[in-house]
Number of protein chains: 2
Amino acid sequence: MTNFSTRPLYIQVRDALAERIALGEWKPNTTVPNEMDLARGFGVSPGTTRKALDLLESEGIVTRRQGRGTFVNDPAAPELASRYSHFHSAAGERVIGEIKTLEVTEAKASEDERERLRLARDEKVYRLARIRSHRGKAFLMEDVVLPVALFPELPERNLASSGLTVVASAYGLALGKAVESVSPGTASLAAAKALHVEEGAAVLVLDRVILTRDGRPAEWRVAVCKTNDMRYKVQSA
Amino acid sequence: MTNFSTRPLYIQVRDALAERIALGEWKPNTTVPNEMDLARGFGVSPGTTRKALDLLESEGIVTRRQGRGTFVNDPAAPELASRYSHFHSAAGERVIGEIKTLEVTEAKASEDERERLRLARDEKVYRLARIRSHRGKAFLMEDVVLPVALFPELPERNLASSGLTVVASAYGLALGKAVESVSPGTASLAAAKALHVEEGAAVLVLDRVILTRDGRPAEWRVAVCKTNDMRYKVQSA
DNA sequence: AAGTGGTCTAGACCACTCA
DNA sequence: GAGTGGTCTAGACCACTTG
């Protein structure tokens, strides 16, 4: 790989490797070729290949293990499903919850939806109404909005009750950052029924947008939840 | 620096540099010696020194600038003050708020305090009652607990109204991770008065412990806040 | 014993900053 | 133009894993 462009060589190697992983040349949980072979293949020095692989590891795309090899991470792995969830059980583990989808509709995006998901006029969205439970107890009611352009035929592919990490993986999309806004609220009649609390009980209202790795909004969710058996925890590094 | 221990050389170099920075050998906003000089000084290769410096940069201890040098970061810098704050103004910037301290007391730690701050029996704490405001509007009421052992003579040093980043810096302590638990609540009479909301209004209750870089609990805070002009936002990478 | 990634070395050249 | 960090090379040896 001769350095035609102005971008650092190790970045170019990283991108080439990331693309080949995304295209499925190396499957999740298998190894990529070793450093020497990759270096020869790309025509760069082993040090440059190493730097590219270290970058990929820091991005969570591969895992390197001394004496074993460099493994491709599975983007649909269960431990990544709770990546955007801040709920923790009393025991302290992250909880994603079992998803039950009540309703799926397809419609033209409303003004709010167009703004939050940065959609053009007339673009369509899927709207999902869901309940999340932990150990059989409902704790969260959510309204999820997904752009049809990113996830065509989502209901037909039976993905309406899957978490976004699984859905994105099915469509070959890499997820990136998310921002969630938290505010206090009181349970509406519908929320009270779904979550088994009294109407007007104190609840958390969560408003979250998840972006793809390249910055396109992939999901807007507004959720209402109780925190009786659950903790909403935020970690700062 | 001959490698006597089993730890990687670049980690030893990193630790030596971190210690000399902590001891004040190089002051904040000044540069440390260049890579070649450090390498010669430690008796290691430039590549090893570089790896140590890159590590320090990833930890936020220094900032490297091509053509300029490697600068020591100021742990009391204002942009770090909001490190543990998740409040954002309507305009989108992180907000730390102006602190007004209502009361400072010193006492033996209660059972709760001993547990949260991992203190031994009979250890003492400072308890601070505070209000935080943004643009003159109170938005948060907090009860802060600090171990006297970590911050002796805090009130005498006029640090009771400073944020923990400034306090820690004054005591030469490096701060590390923090965990905040968020739950919905209703305003007590006292909270209602302080925050100018009606009694029983929906508020957020924040329960946070901040650790030092070496894992000792440095602050336990329980806060009640309104989110009328403020957003509590959580970012996931 | 063979193969992998992790550490370490000792250079070269480039891009950027500033006097 | 001198000095800095950033990139890149081409090796050596070590620690760990597996057959």
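Just so we're on the same page: letters track the sequence lines, and every chain starts at 1. None of the values given here were measured: they were computed from a predicted structure.
If you take CG of A:Leu55 and P of D:dG6, they are 14 Å apart, rounded to a whole angstrom. One interatomic measurement links the two molecules: CZ of A:Arg65 to P of C:dT7, which rounds to 17 Å at whole-angstrom precision. Across the protein-nucleic acid pair, A:Glu35 atom CD and C:dG5 atom P stand 5 Å apart, rounded to whole Å.
The nearest pair of heavy atoms linking B:Thr63 to B:Asn73 is OG1-OD1, 2.6 Å. Counting all heavy atoms, side chain and backbone alike, A:Ile99 lies closest to A:Gly163 at CD1-N, 3.8 Å.
Among the nucleotides D:dC8, C:dG5, D:dG5, the one closest to the side chain of A:Arg64 is C:dG5. Comparing atom distances between the A:Val44 side chain and each of C:dG5, C:dT9, D:dT9 picks out D:dT9 as nearest.
Note on B:Thr70: a side-chain N or O is less than 4.0 Å away from OP1 or OP2 of D:dG5. At the phosphate of C:dT7, OP1 or OP2 sits under 4.0 Å from a side-chain N or O atom of B:Tyr10. Note on B:Lys51: every side-chain N or O is 4.0 Å or more away from OP1 and OP2 of C:dC8.
Between the side chain of B:Arg94 and the backbone N or O of B:Ser82, at least one donor-acceptor pair lies under 3.5 Å.
The stretch residues 26-34 of chain B has no heavy atom under 4.0 Å from DNA chain C, so no residue of it qualifies as close.
Note on A:Arg50: a base of the nucleic acid sits closer than 4.0 angstrom, heavy atoms only.
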List the protein contact pattern of nucleotides 12-19 of chain C with one symbol per nucleotide (5' to 3'): B for base contact, S for sugar-phosphate-only contact, - for none; contact means a heavy-atom distance under 4.0 Å. ---BBBS-

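Ring to ring, A:Tyr126 and A:Phe151 are not that close: their centroids are 6.0 angstrom or more apart.
Using the six-membered ring where Trp is involved, B:Phe139 and B:His134 have ring planes that are perpendicular, over 60° apart on the 30 and 60° scheme.
Here the options are B:Arg221, B:Arg208, B:Lys100, the test is salt bridge (Lys or Arg N to Asp or Glu O under 4.0 Å), and the partner is B:Glu142; only B:Arg221 passes.
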